[in-house]
**Student:** 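Before anything else, here's the structure in question.
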Amino acid sequence: METKKKHQVFVEGPIPSGFIAESIEKHSKKLNIGAHSIFLGQVRNDRHENGEVGAIEYTTYHAMAEEVFHHIREETFAKYALTCMHIYHSLGTVQAGEISLFVFTSSAHRADAISACEEIVERIKKEAPVWGKEILTDQKTKWKQNT
Amino acid sequence: MKIKLLAFGQIAEITGEQTELAADVCDTTELLQLLYEKHPELKSKSFKLAVNQKMAQDVTVLNENDTVALLPPFSGG
């Protein structure tokens, strides 16, 4: 059973679009699936007083995060009739415009995949010990001005 | 009593990422008091504690060799 496997959630750097395409492709052999729901989190170029976000550097409390992701998986599988569930989160530096979170749920009928996907994303935001440090684009420019 | 202290995000910039504490504290409240004395900057910061990888909801009794983590608000995703 998929639920019993220990899953590797963290990916170093951004999640490439090719990886997402391959993940979809892999499910074409599972003929009992009728619906996929995909959430992609992308790093946004938020503007602050002191500059624009050029990238986010992600860190985690690895041992605790593994437990949290495991619980989210188990509880979501118990609650919804899912065929598959995949969760990937970036660590390290992800540039604005790149993907840092990929949640992928599949089910026979759409309601389960859609609800489960949304719930997983909300739970990750709230429960997963992951931190993003914003790296501003004009930080270097500001240093140069100081000298 | 020996406690392993971990810190993450902006809290780690104050306390360092990892410290071994030899302190005479028996629960998380006493540990917090000690940390506030050592690092007064922590008083203005928002963070929660995890004891042995579980969120500490209330006052939690600490035992020898426990791992306590200082967790600022999560910002993953």
Side-chain angles (χ1 to χ4, degrees), chain A residues 9-15 38-44 46 48 53 55-72 87-94 96 98-104 117-135, chain B residues 1-21 23 25 27-29 31-32 34-36 38-39 41-77:
Chain A
V9 166
F10 292 111
V11 173
E12 194 58 39
I15 297 162
I38 289 175
F39 176 85
L40 300 174
Q42 174 167 304
V43 172
R44 186 180 52 234
D46 273 351
H48 299 313
V53 173
I56 292 182
E57 196 181 281
Y58 290 101
T59 52
T60 186
Y61 180 6
H62 214 285
M64 185 178 167
E66 280 197 347
E67 295 265 316
V68 169
F69 280 113
H70 182 69
H71 280 130
I72 292 175
I87 304 171
Y88 298 98
H89 196 302
S90 293
L91 286 182
T93 306
V94 181
E98 293 181 328
I99 303 298
S100 58
L101 175 62
F102 172 29
V103 177
F104 185 6
C117 186
E118 185 178 0
E119 191 170 309
I120 292 165
V121 173
E122 293 307 316
R123 289 193 66 181
I124 290 170
K125 293 268 181 187
K126 209 172 140 202
E127 298 171 38
V130 177
W131 297 274
K133 185 181 188 179
E134 294 178 332
I135 301 164
Chain B
M1 184 163 76
K2 250 191 249 162
I3 289 167
K4 189 177 174 189
L5 192 70
L6 303 175
F8 297 89
Q10 59 168 320
I11 302 299
E13 290 174 357
I14 297 170
T15 62
E17 284 181 2
Q18 196 172 322
T19 359
E20 292 281 339
L21 267 187
V25 292
D27 59 35
T28 46
T29 306
L31 176 67
L32 274 176
L34 183 83
L35 289 172
Y36 287 145
K38 257 178 108 173
H39 309 282
E41 312 99 285
L42 284 179
K43 285 180 198 164
S44 62
K45 300 288 179 193
S46 162
F47 64 94
K48 288 180 177 169
L49 297 184
V51 179
N52 301 326
Q53 297 160 29
K54 296 262 183 289
M55 295 304 297
Q57 308 295 350
D58 268 312
V59 180
T60 304
V61 172
L62 295 174
N63 297 300
E64 180 81 25
N65 294 322
D66 274 352
T67 298
V68 179
L70 312 181
L71 312 175
F74 303 151
S75 51

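Excluded from the calculations below are hydrogen atoms, water molecules and symmetry mates; all remaining heavy atoms, backbone and side chain alike, are included. In what follows, chains carry the letters A, B, and so on, assigned in the order in which the sequence lines appear, proteins first and then strands, with residues in each chain numbered from 1.
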**Student:** Which bit of A:Thr60 comes within less than 4.5 Å of chain B, counting heavy atoms only: side chain, backbone, both or neither?
**Tutor:** backbone
**Student:** Under 4.5 Å from any heavy atom of chain B, what part of A:Glu127 do you find: side chain, backbone, both or neither?
**Tutor:** backbone
**Student:** Against chain B, work out which of A:Ala65, A:Pro129, A:Gly41, A:Ser100 has the most heavy-atom pairs shorter than 4.5 Å and name it.
**Tutor:**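 Of A:Ala65, A:Pro129, A:Gly41, A:Ser100, A:Pro129 has the most heavy-atom pairs under 4.5 Å with chain B.
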**Student:** Please list, in residue-number order, every residue in residues 69-77 of chain B that has a heavy atom less than 4.5 Å from any heavy atom of chain A; write 'none' if there are none.
**Tutor:**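 At a heavy-atom separation under 4.5 Å, chain A is reached by B:Ala69, B:Leu71, B:Pro72, B:Pro73, B:Phe74, B:Ser75, B:Gly76, B:Gly77.
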**Student:** Mind checking what makes side-chain contact (heavy atoms from CB on, under 4.5 Å) contact with A:Gln42, not counting sequence neighbours?
**Tutor:** A:Ile99
**Student:** So what's closer than 4.5 Å to chain B heavy atoms on A:Ala128: side chain, backbone, both or neither?
**Tutor:** backbone
**Student:** Looking only at heavy atoms and a cut-off of under 4.5 Å, which of A:Phe39, A:Tyr58, A:Trp131 has the most pairs with chain B?
**Tutor:** A:Trp131
**Student:** I'd like to check the ring-ring contact (aromatic ring centres under 6.0 Å, His included) partners of B:His39; sequence neighbours left out, ordered by chain and number.
**Tutor:** none
**Student:** State the CD-NZ distance between B:Gln10 and A:Lys133, to the nearest 0.5 angstrom.
**Tutor:**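 So the gap between those two atoms works out to 10.0 Å.
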**Student:** What part of B:Glu17 gets within 4.5 angstrom of chain A, counting heavy atoms only: side chain, backbone, both, or neither?
**Tutor:**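 For B:Glu17, no heavy atom lies under 4.5 Å from chain A.
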**Student:** Would you say that B:Lys54 contacts A:Glu67 through its side chain, given a criterion of any heavy-atom pair below 4.5 Å between the two side chains?
**Tutor:** yes
**Student:** Output the residues of residues 42-53 of chain B for which the shortest heavy-atom distance to chain A is under 4.5 Å, in residue-number order; output 'none' if no such residue exists.
**Tutor:**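 The stretch touches chain A at B:Ala50, B:Gln53.
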**Student:** Is it the backbone or the side chain of A:Tyr61 that comes under 4.5 Å from a heavy atom of chain B, or both, or neither?
**Tutor:** both
